[in-house]
Amino acid sequence: MYKLQKLQYLYQDLEPYIDTHTMGVHYNKHAKNYLNKLNNLLIKNNYNFNYSLEELTFHINEFPNEDKEDILFNLGGVLNHNLYFSSINPNHNMPFGNLKTAINNKYKSYDNFLQKLKEKALSLKGSGYTFLVINNNDLDMVNTKNQETPLQYGLIPLLNIDMWEHAYYLNYKNEKEEYLNNLFNILDFTNASNIYNNLIK
């Protein structure tokens with residue numbers, strides 16, 4: 001069975017930007033719930049867990065129509081949460097290598113990049129995520145609804161921001177912009193930089 005991705009930090013390490021309780025509930029309740037539902041659906045369908053989570057996205061059609069939508073939804077929930085938890089860190093690691101160069105070339109500066117990312121996130125209506133992705137070898141920002149993953153659309157996700165209310169509501173209520181401004185203090189581009197630098201030379 002697939003297992004919950006281990007965090008690289010403690011729940012309390014993200015304070016004051018994300019409080020300990022929010023992180024604990026987010027990881028142990030929300031993320032774990034998607035994982036458990038996904039595993040149960042796959043076991044029901046006699047799946048042998050021979051694909052990575054990312055690869056499974058491209059093999060959804062191997063499952064019966066009655067379960068296909070639920071499998072994809074919960075798979076997206078696992079993938080999106082894994083990426084979100086890898087996109088934040090108290091060390092706030094900045095973009096490096098080719099990703100840093102690409103961000104500066106496309107968005108003129110890191111600060112301007114953050115402003116565009118915030119605008120994109122604030123334009124999302126309802127629940128979902130804002131992603132930094134590779135789109136035809138170019139950087140792009142996209143929003144997805146609910147638990148859709150950019151992999152479904154041929155995009156390679158590098159980093160995301162969770163815009164579901166459970167990610168921020170206890171701290172920020174409906175103040176999404178305040179959530180984003182504070183989240184930017186703990187964005188971690190290590191994973192994003194490694195993916196980008198390995199794919200785009």
Side-chain angles (χ1 to χ4, degrees), residues 2-10 13-14 17-18 23 26-27 31 34-35 50-60 72 75-124 128-144 147-164 167 179-201:
Y2 296 114
K3 296 182 179 179
L4 203 58
Q5 173 180 280
K6 291 185 178 180
L7 298 179
Q8 301 301 307
Y9 42 82
L10 302 176
D13 289 345
L14 300 176
Y17 308 111
I18 301 176
M23 274 305 301
H26 201 167
Y27 182 76
Y34 286 113
L35 182 72
N50 55 320
Y51 300 124
S52 70
L53 286 164
E54 289 79 8
E55 289 170 338
L56 184 57
T57 308
F58 306 107
H59 293 273
I60 292 297
L72 187 58
L75 173 60
V78 175
L79 287 169
N80 293 339
H81 278 99
N82 284 351
L83 186 60
Y84 173 68
F85 294 141
S86 296
S87 298
I88 52 179
N89 191 290
N91 294 330
H92 181 45
N93 297 299
M94 299 286 282
F96 58 84
N98 293 336
L99 180 59
K100 178 181 179 180
T101 301
I103 286 174
N104 287 332
N105 286 343
K106 177 150 190 174
Y107 300 102
K108 309 311 177 189
S109 71
Y110 178 72
D111 287 343
N112 193 50
F113 162 77
L114 289 184
Q115 181 60 33
K116 296 295 183 184
L117 191 62
K118 181 167 70 173
E119 290 171 3
K120 190 69 178 179
L122 291 174
S123 73
L124 176 65
Y129 297 80
T130 298
F131 288 85
L132 177 67
V133 300
I134 300 174
N135 182 2
N136 291 323
N137 292 331
D138 192 18
L139 285 181
D140 201 359
M141 296 176 184
V142 298
N143 290 334
T144 67
Q147 294 299 351
E148 291 180 331
T149 167
L151 292 171
Q152 296 171 237
Y153 304 103
L155 307 173
I156 300 172
L158 299 174
L159 174 143
N160 77 11
I161 297 172
D162 193 333
M163 295 301 292
W164 283 66
Y179 161 62
L180 292 167
N181 287 337
N182 282 322
L183 190 74
F184 289 167
N185 290 299
I186 51 173
L187 278 185
D188 183 8
F189 286 85
T190 303
N191 183 61
S193 296
N194 287 334
I195 295 172
Y196 188 88
N197 296 341
N198 285 331
L199 293 176
I200 309 294
K201 306 299 183 183

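For clarity, every value in this text was computed on a predicted model and none was experimentally measured. Just the heavy atoms: all of them, side chains too, but no hydrogens, waters or symmetry mates, feed the values below.
- Residues I88 and D188 form no side-chain contact, since every pair of their non-hydrogen atoms from C-beta on lies 4.5 Å or further apart.
- Separating the CG atom in N194 from the CG atom in N198 is a distance of 6.5 Å, to the nearest 0.5 Å.
- One distance of note links CG of N191 with OG of S87; it measures 6.5 Å at 0.5 Å rounding.
- Summarising the geometry of P95 relative to S193, their closest heavy-atom pair is CA-OG, 3.6 Å, with the distance given to 0.1 Å.
- Open room surrounds CD on Q8; 12 or fewer heavy atoms of other groups in view lie less than 6.0 Å from it.
- Every residue two or more places apart in sequence or in another chain was checked for a ring pair (Phe, Tyr, Trp, His ring centres under 6.0 Å) with F184, and none qualifies.
- Side-chain contact check for L99 versus L139: some heavy-atom pair is nearer than 4.5 Å.
- The closest side-chain donor-acceptor pair between T190 and N89, if any, does not fall under 3.5 angstrom.
- Side chains of T144 and Q152: no donor on one and acceptor on the other come within 3.5 Å.
- Contact between Y34 and G77 at its shortest, heavy atoms only, is CG-CA, 3.8 Å.
- We find the CD-CD1 distance between E54 and I156 to be 11.0 Å, quoted to the nearest 0.5 Å.
- The minimum heavy-atom distance linking K118 with L180 is given by the pair CG-CD1, 3.8 Å.
- Atom NZ of K116 has 12 or fewer heavy atoms from other residues, nucleotides or ligands within 6.0 Å.
- With rounding to the nearest 0.5 Å, the separation of CG in L75 from OG1 in T57 is 4.5 Å.
- The aromatic rings of H81 and H26 sit perpendicular to each other, their planes meeting at more than 60°, with 30° as the lower class boundary.
- Considering all non-hydrogen atoms of both residues, K201 and N98 come closest at CA-ND2, 3.8 Å.
- Contact annotation: the side chain of Q147 never approaches that of V78 to less than 4.5 Å [non-hydrogen atoms, C-beta and beyond].
- Surrounding NZ of K120 are more than 12 heavy atoms belonging to other residues, nucleotides or ligands, all under 6.0 Å away.
- The heavy-atom pair separating Y27 from K6 by the smallest distance is OH-CA, 3.7 Å.
- Looking at heavy atoms from C-beta onward, M141 lies in side-chain contact with L117 at the 4.5 angstrom threshold.
- Note that CG of L35 is 10.5 Å distant from CG of L79, once rounded to the nearest 0.5 Å.
- Annotation: the span from I18 atom CD1 to I186 atom CD1 amounts to 4.0 Å, rounded to 0.5 Å.
- Contact check for E55 versus N50: no side-chain heavy atoms found under the 4.5 Å cut-off.
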**Request:** Start with the C-alpha gap between D13 and M23, add the side-chain angles, then the distance that decides, and say whether side chain to side chain contact (heavy atoms under 4.5 Å, CB included) holds.
**Result:** CA-CA 10 Å; D13 289 345; M23 274 305 301; over 6 Å; no
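- For the residue pair E148 and Y153, a side-chain donor N or O sits within less than 3.5 Å of a side-chain acceptor on the partner.
- The main-chain N or O of Y107 is found under 3.5 Å from a side-chain atom of N112 such that the two form a donor-acceptor pair.
- Side-chain contact between Y110 and K100 is absent, with no heavy atoms from C-beta onward closer than 4.5 Å.
- For the pair N91/Y9, no side-chain contact is recorded, criterion being any heavy-atom separation below 4.5 Å from C-beta on.
- Here the two rings, on Y129 and Y84, have centers that are 6.0 Å apart or farther.
- Across all non-hydrogen atoms, the minimal contact from Q5 to S86 is NE2-OG, 3.2 Å.
- One N or O on the side chain of N160 and one on the backbone of N80 form a donor-acceptor pair closer than 3.5 Å.
- Of the residues listed (Y196, F131, F189), the one engaging L158 in a side chain to side chain contact (heavy atoms under 4.5 Å, CB included) is Y196, and it is the only one.
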